[in-house]
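First up is the structure itself, then whatever we jot down about it.
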Amino acid sequence: MWPYPRIVAHRGGGTLAPENTIAGLRAGLAYGFRAVEFDVMLSRDGIGMVMHDPDFGRTVAGQGSVATTDAIELSGMDAGSWLGPQFRDEPVPFFTQFIDYCKQQRIWMNVEIKPADGFERETGSWVAKVTRESFADEIAAGDPAALPLLSSFSFEALAAARDAAPDLPRGYLLDRVPADWQAQARELGAVAIHTNQKHLTPELAAQIKAAGYGLFCYTVNDPERGRAILSWGVDGFCTDRIDLIGPSFA
Ligand code: G3P
Ligand code: MG
């Protein structure tokens with residue numbers, strides 16, 4: 001039911017390197033991580049870029065937004081200096097660069113689709129199509145562990161991903177799991193619920209597991225909390241503290 005890795009580096013390499021950069025993936029590898037979560041949104045010209053915030057100001061300097069900037073311009077922006085001068089000029093990656101790097105290094109991917117407002121279907125569809133093309137051989141081989149897991153807080157984006165690539169697994173991201181979660185998950189054909197560990201209870205975990213879904217949590221940075229939720233039946237979680245919680249934790 002959960003063929004994927006149990007411990008996953010959040011936003012590339014957690015907090016040890018600039019989030020959502022190749023430097024982050026390298027930091028993860030240095031700590032033995034071969035599983036990563038990262039965020040993808042579309043540029044103005046409709047290309048998937050690996051970035052978390054819709055707007056500039058935090059991880060890249062200046063004003064503006066991903067959705068109003070062309071991919072080539074984004075790819076030349078410095079997404080590293082905010083964390084330290086040693087990361088200067090670490091670029092905003094293209095999604096396809098992340099795919100290539102992860103395939104080459106055998107890193108499993110949880111691709112979080114993060115659409116800008118109004119671009120839900122377009123983003124979900126684009127990410128699913130590109131992922132499907134890159135993983136055509138793995139899809140044909142029928143081994144679920146070899147496939148990336150697409151996830152999103154956006155129902156519309158995930159529905160579009162389902163329509164564009166029904167054979168790629170989907171996780172439905174929910175901050176707080178609502179009462180009607182199962183009807184939504186069923187409609188999306190989701191294999192897993194991804195939820196905020198802060199709000200998870202043993203009862204809710206048991207309910208999700210009993211319904212036959214995978215259960216993944218974000219973001220666990222306290223080893224004690226990690227052990228607790230795993231004991232409730234949580235299948236996996238992502239962490240920023242790849243230095244504290246290793247790939248073979250628990
Ligand atoms: O995919 C889970 C987690 O990444 C959701 O939070 O804001 O870090 O994308 P965020
Ligand atoms: Mg994310």
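Counting starts at 1 for both ligands and their atoms, in listed order.
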Counting only nitrogen or oxygen atoms and a 3.5 angstrom limit, does Lys114 reach ligand 1? yes
Could you check whether any side-chain N or O of Arg170 sits under 3.5 Å from a backbone N or O of Gly189, counting only pairs where one atom can act as donor and the other as acceptor? yes
Do the side chain of Asp235 and the main chain of Leu215 share a donor and acceptor less than 3.5 angstrom apart? yes
Does the side chain of Gln184 reach to within under 4.5 Å of the side chain of Asp180, using non-hydrogen atoms? yes
Thr219 versus ligand 1: do any nitrogen or oxygen atoms come within less than 3.5 Å of each other? no
Is Lys103 atom NZ crowded by more than 12 heavy atoms from other residues, nucleotides or ligands, each under 6.0 Å away? yes
Could you check whether Tyr218 and Phe153 have their ring centres less than 6.0 Å apart? yes
Closer than 4.0 Å to some heavy atom of Phe153 - which atoms of ligand 1 meet that? 5 (C)
Can you tell me which residue and heavy atom of the protein come closest to atom 5 (C) of ligand 1, and the distance to 0.1 Å? Glu112 OE1, 3.5 Å
Give me the ring orientation class for Phe237 and Phe249: parallel if the planes are under 30° apart, tilted from 30 to 60°, perpendicular past 60°. perpendicular
Considering only protein heavy atoms, which is closest to atom 7 (O) of ligand 1, and at what distance to one decimal place? His52 NE2, 2.6 Å
Do ligand 1 and Arg11 have nitrogen or oxygen atoms that lie under 3.5 Å from each other? yes
Does any N or O in the side chain of Ser152 come within less than 3.5 Å of the main-chain N or O of Leu158, such that one atom is a donor and the other an acceptor? no
Should the pair Phe38 and Phe95 be assigned to parallel (<30°), tilted (30 to 60°) or perpendicular (>60°) ring geometry? tilted
Considering heavy atoms of the protein only, find what lies nearest to atom 1 (O) of ligand 1 and give residue, atom and distance to 0.1 Å. Glu37 OE2, 2.8 Å
Looking at Glu112, the N, O or S atom sitting nearest the Mg ion (ligand 2) is OE1
Within a distance under 4.0 Å of any heavy atom of Asp39, pick out the atoms of ligand 1 and give their elements. 9 (O)
What do you reckon, are the aromatic ring centroids of Trp2 and Phe216 less than 6.0 Å apart? yes
As an exercise, identify every atom of ligand 1 less than 4.0 angstrom from a heavy atom of Leu173. 1 (O), 2 (C)
Please check whether His10 reaches ligand 1 - meaning an N/O of the residue sits under 3.5 Å from an N/O of the ligand, judged on distance alone. yes
Please find the N/O/S atom of Asp39 nearest to the Mg ion (ligand 2) and write down its name. OD1
Among the N/O/S atoms of Glu37, the Mg ion (ligand 2) lies closest to OE2
